Amino acid sequence: MATTIKTRNGFVIVVTLIIAILMMLVPLPDYARFFRPEWVVMTLIYWAMALPHRVSIGVAWCTGFIMDVTMGGILGVMAFSYALAIYLIARFHLQLRQYPLWQQALTILSVVFLVEFIDVAVARATLHWESWMPVLTSTLLWPLMYAVLRKIRRTFQVT
């Protein structure tokens, strides 16, 4: 007999993804724009780790496609990189949930590095050291992001 998972409050996932997309669109001064964390990737990673039956490769691809359109990039680059990142997270979500936050942050480092590498390899014409700063800032902000999204998930009882 198959068990079914009752889902509720899925709008919270959508709202957090919309907020993450908006945070990526907020204009920053020239000196700070390279330090912008990958808010959307981190949000997708959290939800894929916490609720893999709700946020998976399809959601990541659609979110990446929306980011491609809003950021004006080559269509499909972010969609592919987000889908690949969430595939890796979904594949190992049970192990990742057991890791302490510092070890999860190292996983975030590698996944965000993969996303940035795909973006640099396919879409950008020039490569500077600043291209890798989102990897570092996302890694450093992961414990805070995790705590905030976990509090939201528990407050709204998202299942």
Side-chain angles (χ1 to χ4, degrees), residues 3-28 32-71 73 76-119 131-159:
T3 60
T4 59
I5 300 171
K6 185 177 180 187
T7 60
R8 57 181 189 193
N9 294 338
F11 71 92
V12 174
I13 297 171
V14 174
V15 169
T16 57
L17 285 172
I18 290 171
I19 290 170
I21 290 170
L22 292 175
M23 288 174 72
M24 291 296 290
L25 296 175
V26 171
L28 293 176
R33 68 185 171 101
F34 292 110
F35 295 95
R36 181 191 319 265
E38 286 287 342
W39 297 112
V40 177
V41 175
M42 290 193 305
T43 305
L44 284 168
I45 288 172
Y46 174 80
W47 289 117
M49 277 177 37
L51 302 169
H53 62 280
R54 300 288 299 269
V55 176
S56 61
I57 299 168
V59 173
W61 189 89
C62 290
T63 305
F65 190 76
I66 290 168
M67 285 298 294
D68 281 329
V69 171
T70 57
M71 300 296 277
V77 173
M78 286 187 183
F80 171 74
S81 62
Y82 288 5
L84 179 62
I86 297 309
Y87 166 76
L88 294 172
I89 295 297
R91 175 72 176 88
F92 299 107
H93 77 278
L94 292 175
Q95 292 90 345
L96 293 173
R97 289 199 282 198
Q98 303 302 316
Y99 292 165
L101 278 178
W102 69 268
Q103 205 167 0
Q104 286 182 9
L106 293 177
T107 304
I108 298 303
L109 180 126
S110 61
V111 171
V112 174
F113 178 80
L114 178 66
V115 169
E116 289 296 317
F117 179 77
I118 292 170
D119 185 38
S131 301
W132 306 110
M133 290 312 296
V135 176
L136 179 63
T137 55
S138 299
T139 302
L140 294 174
L141 285 174
W142 174 250
L144 177 65
M145 185 78 165
Y146 180 87
V148 168
L149 288 174
R150 184 175 183 182
K151 180 71 174 172
I152 289 170
R153 180 172 59 94
R154 289 183 172 180
T155 301
F156 290 100
Q157 299 176 351
V158 181
T159 58

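Only a predicted model underlies this, so the values are computations on that prediction, with no experimental measurement involved.
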Nearest-0.5 Å distance that lies between atom CD1 in Ile108 and atom CG in Leu101: 10.0 Å

Residue pair Ile13 / Leu51, side-chain heavy-atom distance below 4.5 Å: yes

Atom CZ of Phe34 with >12 non-hydrogen neighbours under 6.0 angstrom: yes

CG-CZ distance between Asp119 and Phe80, expressed to the nearest 0.5 angstrom: 12.5 Å

Validation row: Ile86, Val59 side chains within 4.5 angstrom (heavy atoms): no

Side chain to side chain donor-acceptor pair (under 3.5 Å) involving Tyr82 - partner list, sequence neighbours excluded: none

Arg33 (side chain) donor-acceptor with Pro27 (main chain) under 3.5 angstrom: no

N/O donor-acceptor pair under 3.5 Å between Thr70 side chain and Met67 backbone: yes

Side chain to side chain contact (heavy atoms under 4.5 Å, CB included) between Met23 and Val40, worked out: CA-CA 8 Å; Met23 288 174 72; Val40 177; over 6 Å; no

Contact check, side chains of Thr107 and Ile89, non-hydrogen atoms, under 4.5 Å: yes

Between CH2 on residue Trp39 and CG on residue Leu44, distance to nearest 0.5 Å: 14.0 Å

Flag side-chain contact, heavy atom, 4.5 Å: Ile118 against Met78: no

Exam field: side chain Arg54 to backbone Trp47, donor-acceptor pair closer than 3.5 Å: no

Over all atoms of both residues, closest heavy-atom pair of Val135 and Leu109: CG1-O, 3.6 Å

Heavy-atom pair of closest approach, residues Pro37 and Met42: CB-CE, 4.1 Å

Parallel, tilted or perpendicular, as decided by the 30° and 60° cut-offs, for the rings of Trp142 and Tyr146: tilted

Any donor-acceptor pair under 3.5 Å from Ser56 side chain to Pro52 backbone: no

Arg97, CZ atom: more than 12 neighbouring heavy atoms under 6.0 Å: yes

CZ on Phe35 to CE on Met133, rounded to 0.5 Å: 4.0 Å

Pairwise salt bridge (Lys or Arg N to Asp or Glu O under 4.0 Å) hits with a residue in residues 142-159, at least two apart: none

Minimal non-hydrogen separation, Ala85 against Val115, with atom names: CB-CG2, 3.9 Å

Rounded distance (nearest 0.5 Å) linking atom CG of Leu88 with atom CG of Leu114: 6.5 Å

Smallest separation among heavy atoms of Ala32 and Leu28, with atom names: O-CD1, 3.7 Å

For Thr43 against Ala20, the heavy-atom pair lying closest together: OG1-CB, 3.4 Å

Taking every non-hydrogen atom, the tightest pair across Ala79 and Asp68: N-OD2, 3.3 Å

From Leu136 atom CG to Leu141 atom CG, the distance as rounded to the nearest 0.5 Å: 9.5 Å

Side-chain heavy-atom pair Ile152, Val15 within 4.5 angstrom cut-off: no

